[in-house]
Chemist: 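Have a look at the structure that comes next, please.
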Amino acid sequence: MELASNYDPKKIEDKWYRKWEEEKAFHADADSPKEPFTIVIPPPNITGKLHMGHALDETLQDILIRWRRMQGYNALWVPGTDHAAISTEVRVTNTLKEQGIDKREIGREAFLEKVWEWKEEYGGAITEQLRKLGTSCDWDRERFTMDEGCSKAVEKVFLDLYKKGYIYRGKRIINWCPTCKTSLSDAEVEHEDQAGHFWHIRYPIVGTDDAVEIATTRPETMLGDTAIAVHPDDERYKDLVGKTVILPLVNKEIPVVADEYVDMEFGTGVVKITPAHDPNDFEVGQRHDLEVINILNDDATINENGGKYAGMDRYEARKAIVEDLEAGGYLVKVQEHLHAVGTHDRCKTTVEPMVKEQWFVRMDELAKPAIEAIEKGELTFVPERFNKVYLRWLYNIHDWCISRQIWWGHRIPAYYCDECGEIVVSSEKPGKCPKCGCEHLTQDEDTLDTWFSSALWPFSTLGWPEDTKDLRTFYPTSVLVTGYDIIFFWVVRMVFSGYEHTGKSPFHTVLIHGLVRDSLGRKMSKSLGNGIDPLEVIDKYGADALRLTLVTGNAPGNDMRYYDERVEASRNFANKMWNASRFILMNLDGAELERPDDADLLPADKWIMSAANTVARDMTENMDKYELGIAVQKVHDFVWDEFCDWYIEIAKYRIYNRENDPKGAAAALWVLRDTLAKALKLMHPFMPFVTEEIYSVLTGGEDLLMLADWPVYDEALSWPEEEEWMGKVKEMVRGIRNVRSEMDVPPSKKTGILIETSDEDLAGCIDLIKESILPLARATKISRIADGDKTENMVPVVSSGITAYLPLAELVDLDKERERLTKEKERLEKELARSAAMLSNEKFLSKAPEAKVREEKEKQIHYQEMMEQVKKQLENL
RNA sequence: GGGAGCGUAGCUCAGCCGGGAGAGCGUCCGCCUCACACGCGGGAGGUCACGGGUUCGAGCCCCGUCGCGCCCACCA
């Protein structure tokens, strides 16, 4: 079979994905006796388009899933999408607006119909994009957070938590987004430092001519002030407590209260209290039984409580109030001030704290098992430092505001009696009010926070609350893979939900990855327009290249930068494997091969087989520890540096000499094919497409690589002596190349070589060198192994215990040679000095492990031998 | 204010258990060698931020300093 000299991913990627799906290779069987290994996908938003963050997240998951599947686990990767409540609602609202349709006008039912239509049309796009990446998800089990099963789970959880008293409705201060016109949870608010002002205002003290100075960053909120506060221990204001002050502009008398919350050191030590629009003030208000005056409409304009400022936007009002304060002589001074402003993470609007009636989840009890999960070792993050991040959030957790004033989402299963206002939480609309018997009840208009349903994802997708076979088999899941940016939103909530509803942690390990940044280290964002589209990268370089790039050289939890050159390097590696296989295939020429007897294997064969064996063991250990970057580096280096650069070159000698030695050629080909097949298995989880393609051509079989067995360490394939010898061969060959290169010996000049050793133990190694040097003729330009004695005009190439002599004297520039040898001598002197220092150190000899000391002694002898050689050569020049 | 990171070759980053500093890209030199120029061979390039400490031995462990971003937080 003829293969093109350059690998073209476009020709094969889609083909293999189809084949895998046709063969049901991604499907997991709940009846399988194999040990399960489960991952549920962090569901991408239906509004979303595949971005680099997804690409990284999915790549890591797919690597784990494919690897475990090959290891013989019953591997299940559950895919699905998230309805993304606010994002989707905003998106569809805007789309409708462009068509001249107003959401309020068409009403809730019609709007939801539009959203479902939109979901059907665009919601599938992201899963198609996941397929392009090669994700081996079990698409038969694809779920959606608002599908029937997930909705049922949501409803049951709401009812259960309500019954237990964990869900309650209350009038409390919440974060309000004036753009989206909905309440938000704490997690959805991002704090960013903004340059603002600190206005110092005089509040006249009633009954005196005096006034008290107050500093504020939000003067407009004074319309809702119902007190001012000082610290109870503050001597400066001791006499003030209990008095009243005049609220400027509003001209209302408000009390002065003493409260520990006030920081005496900050500002003037006096705080205006606006219970309706500040979380702290709200609590102070509760303690002192203060009136709560809401001064804002839902769009953050001032409401009727704002007097003459009513109708103004909050910032307009701020400006007007500051002007009026100044005009009235109340403004003392204005300072520049940097302060943290809360913004809605979706739309970046500055949120406004407001008192509203909302639904909350009480978190104190629920958080406990989630905290203990870490302490008991039932849950851990990789890397471990994220345990702390997770715990700190749980220790400081607030009650979770779960109601949202939008339409798209799970509607809250609560009904209000039109007559008496009784609340009934129920899966179905009650026929009549249990309190007053009234038959008119109205369902709560609100929907649930989108994270309420994603919190249940690990078990709702497996069938919970039904006791399904999937749930019994695959739950709890094995690993969750996600970015550190989503720990609070999602991971925390899944864990406490898992414990509360299933009694178990939903997974035992959370593999955390960082962000994919642009080449300048900036976050990829729509507004910056610096996002790289993974699909374009796949189109240009192939999915395998993108995957390899995303996993190479990246440690868990660390951010990485994306740039094309890295993908090019990955693409080049795919091409390297492609060409290695091409070499084997064109020489194999359809021949059937039997495994040669060990006796027919040359040391080089044993070396590469032994090395492959070692790599399989080492990288599996890395994979076990989620060190995917290190693991892939090992197989990459093995394929390129050992297999391609050394073994193939060595094997060529026998292959091109097949006429004289058919058996040798067959043995070499067998080892080539066997070793490449093994390397393809090891590389498959990282680069599924190209490896599957090559494997299928190479084995000519029906079996899919993705379902092949993961290589395990085999004692029978371990040949440490040959591995050691090969190290010497490389050293020798490099030495020869080095001499030729440094001496500017023309590449066309071929020579013979004489090899000798005084060490009998290295006799086998000499044979290996002889058998390897000739095959490496193209690089070393060695045309024959010379017999007989060395002569004076030969250039020696020294390595450990063995010397090679090249008859190059006439070609060599003596000055250059002297320079080279002097350099070598200096290097050896340095090494010898280091070694001598260590070995003359009593403490090293007594305290270091014996093996280390022995190793150092051997090195010293080795260096001394080489030094002798070098000195002799220098004298001979 | 608190927390956890990062600082290693020109650039981007690895470095597992403490035991002679690595990769990719770039650069320089030589090669279109019959798998691959998306390649082959050879080279240059590092005070592992800085200062202490522990240790026979520190890029790695401990303490401190400087620099850089990050997360959390109700000082108005």
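Please read all numbers here as calculations on a predicted model, not as lab measurements. Letters A, B, ... mirror the listed sequences (proteins, then strands); counts begin at 1.
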Chemist: Mark yes or no for whether Thr274(A), through its side chain, and Gly224(A), through its backbone, hold a donor-acceptor pair below 3.5 Å.
Modeler: no
Chemist: Which of these nucleotides, G19(B), A35(B), G41(B), is closest to any side-chain atom of Asn579(A)?
Modeler: A35(B)
Chemist: Whole angstrom is fine here: how far is it from CD in Glu742(A) over to C1' in G41(B)?
Modeler: 12 Å
Chemist: Please determine whether ring-ring contact (aromatic ring centres under 6.0 Å, His included) holds for the pair Phe198(A) and Phe266(A), giving the CA-CA distance in whole Å, both sets of side-chain angles, and the decisive distance to 0.1 Å.
Modeler: CA-CA 12 Å; Phe198(A) 215 20; Phe266(A) 191 80; 5.6 Å; yes
Chemist: Nearest heavy-atom pair of His197(A) and His337(A): which atoms, and what distance?
Modeler: C-CB, 3.9 Å
Chemist: So, for Asp641(A) and Asp645(A), which heavy atoms are closest and what is the spacing to 0.1 Å?
Modeler: O-CB, 3.2 Å
Chemist: Looking at C56(B), G43(B), C38(B), which one has an atom nearest to any side-chain atom of Asn6(A)?
Modeler: C38(B)
Chemist: Does U12(B) have its OP1 or OP2 closer than 4.0 Å to a side-chain nitrogen or oxygen of Arg561(A)?
Modeler: yes
Chemist: With a 4.0 Å limit, can you tell me whether Asn572(A) has a side-chain N or O closer than that to the phosphate oxygens OP1/OP2 of G39(B)?
Modeler: yes
Chemist: Tell me which of Ser741(A) and Gly629(A) sits closer to the 5' end of RNA chain B, going by the nucleotide each one is nearest to.
Modeler: Gly629(A)
Chemist: Would you say Asn738(A) reaches G43(B)'s phosphate, i.e. side-chain N/O to OP1/OP2 under 4.0 Å?
Modeler: yes
Chemist: Could you measure between the two P atoms, the one in C40(B) and the one in C72(B), and give it in whole Å?
Modeler: 46 Å
Chemist: Taking only side-chain N and O atoms of Tyr656(A), does any of them lie within less than 4.0 angstrom of OP1 or OP2 on A35(B)?
Modeler: yes
Chemist: Once you apply a heavy-atom cut-off of 4.0 Å, does Pro849(A) come out as touching a base, just sugar-phosphate, or nothing?
Modeler: base
Chemist: From CG of Asn575(A) over to C1' of C38(B), roughly how many Å is that when rounded to an integer?
Modeler: 5 Å
Chemist: Any donor-acceptor pair, under 3.5 Å, between the side chain of Arg582(A) and the base of C36(B), if you only look at N and O atoms?
Modeler: no
Chemist: For Ile584(A) and Leu672(A), work out which heavy atoms get closest and say how close.
Modeler: CD1-O, 3.7 Å
Chemist: Please report the distance separating the P of G64(B) from the corresponding atom of U12(B), rounded so that it comes out in whole Å.
Modeler: 29 Å
Chemist: Please measure how far the P atom in G24(B) lies from the corresponding atom in G42(B), and state the result in whole Å.
Modeler: 12 Å
Chemist: Taking atom C1' in both U55(B) and G45(B), compute the distance separating them and give it to the nearest angstrom.
Modeler: 32 Å
Chemist: Give a yes or no on whether Gln864(A) atom CD has more than 12 heavy-atom contacts from other residues, nucleotides or ligands under 6.0 Å away.
Modeler: yes
Chemist: What is the separation between atom OH on Tyr541(A) and atom P on G24(B), rounded to the nearest whole Å?
Modeler: 18 Å
Chemist: Testing the basics here: between Tyr647(A) and Ala668(A), what is the closest heavy-atom pair and its distance to 0.1 Å?
Modeler: OH-O, 3.9 Å
Chemist: Residues two or more places apart in sequence or in another chain: which of them pass side-chain contact (heavy atoms from CB on, under 4.5 Å) with Glu213(A)?
Modeler: His200(A), Thr268(A), Val332(A), Lys333(A)
Chemist: Applying a 3.5 Å limit to both distances, which nucleotide forms a Watson-Crick or G-U wobble pair with G22(B)?
Modeler: C13(B)
Chemist: Heavy atoms under 4.0 Å is the rule here; annotate nucleotides 70-76 of chain B 5' to 3' with B where the base is hit, S where only the sugar-phosphate is, and - elsewhere.
Modeler: -SSSBBB
Chemist: Provide, to the nearest angstrom, the distance between the NZ atom belonging to Lys823(A) and the P atom belonging to G43(B).
Modeler: 8 Å
Chemist: Determine the contact category for Ala580(A): base if any of its heavy atoms lies under 4.0 Å from a base atom, sugar-phosphate if only primed atoms, P, OP1 or OP2 are that close, otherwise nothing.
Modeler: base
Chemist: How far does the P atom of A9(B) sit from the matching atom of A14(B), given to the nearest Å?
Modeler: 13 Å
Chemist: Hey, which of these two, Asn841(A) or Glu621(A), hits RNA chain B nearer its 5' end, going by closest nucleotide?
Modeler: Glu621(A)
Chemist: For A21(B) versus C28(B), give the span between their P atoms, rounded off to a whole number of Å.
Modeler: 28 Å
Chemist: Any N or O donor-acceptor pair linking the side chain of Lys625(A) to the base of C16(B) at under 3.5 Å?
Modeler: no
Chemist: Write down the distance separating the P atoms in A58(B) and C50(B), rounded off to the nearest Å.
Modeler: 15 Å
Chemist: Please tell me if Lys852(A) has a side-chain N or O lying less than 4.0 Å from either OP1 or OP2 of C56(B).
Modeler: no
Chemist: Contact between Asp186(A) and Trp400(A) at the side-chain level, heavy atoms closer than 4.5 Å - yes or no?
Modeler: no
Chemist: Using OP1 and OP2 only, check whether a side-chain N or O of Arg740(A) sits under 4.0 Å from G42(B).
Modeler: no
Chemist: May I ask which nucleotide in the shown strands pairs with C38(B), Watson-Crick or G-U wobble, both distances under 3.5 Å?
Modeler: none
Chemist: Paired with G57(B): which nucleotide, if any, by Watson-Crick or G-U wobble criteria at under 3.5 Å for both distances?
Modeler: none
Chemist: Output all residues satisfying salt bridge (charged side-chain N to carboxylate O under 4.0 Å, His left out) with Asp624(A), sequence neighbours left out; order by chain, then residue number.
Modeler: Arg68(A)
Chemist: Could you tell me whether Lys388(A) contacts a base, only the sugar-phosphate backbone, or nothing, with contacts defined as non-hydrogen atoms closer than 4.0 Å?
Modeler: sugar-phosphate
Chemist: Arg737(A) CZ to U33(B) P: how many Å, rounded?
Modeler: 16 Å
Chemist: Provide the closest heavy-atom pair for Met838(A) versus Phe844(A) in the form atom of the first, atom of the second, distance.
Modeler: O-CD2, 3.3 Å
Chemist: Provide the distance between the two P atoms, one in G3(B) and one in C56(B), to the nearest whole Å.
Modeler: 33 Å
Chemist: Indicate yes or no: does Asp399(A) engage Arg172(A) in a salt bridge with an N to O separation below 4.0 Å.
Modeler: yes
Chemist: Rounded to whole Å, how long is the line connecting atom CD of Glu855(A) with atom P of G57(B)?
Modeler: 18 Å
Chemist: Among residues 631-644 of chain A, which contact RNA chain B at a heavy-atom distance under 4.0 Å?
Modeler: Gln633(A), Trp640(A), Cys644(A)
Chemist: According to a strict under-4.0 Å criterion, is Arg385(A) in side-chain N/O contact with OP1 or OP2 of A4(B)?
Modeler: no
Chemist: I'd like a table of atom pairs between the protein and nucleotides 7-9 of chain B - only N or O on both sides, under 3.5 Å - with the distance next to each one.
Modeler:
none

Chemist: Would you check if Met524(A) and Ile532(A) make a side-chain contact, meaning some heavy-atom pair closer than 4.5 Å?
Modeler: yes
Chemist: Could you give the CG-to-C1' distance, from Leu515(A) to G69(B), as a whole number of Å?
Modeler: 12 Å
Chemist: Distance check needed: G15(B) P versus Asn622(A) CG, whole Å only.
Modeler: 10 Å
Chemist: I'd like to check Asp518(A) versus Arg561(A) (side-chain heavy atoms, cut-off strictly below 4.5 Å). Are they in contact?
Modeler: no
Chemist: Who pairs with Tyr237(A) by side chain to side chain donor-acceptor pair (under 3.5 Å), at least two apart in sequence or on another chain?
Modeler: none
Chemist: Does any nucleotide pair with A49(B) by Watson-Crick or G-U wobble geometry, both distances under 3.5 Å, and what is it?
Modeler: U65(B)
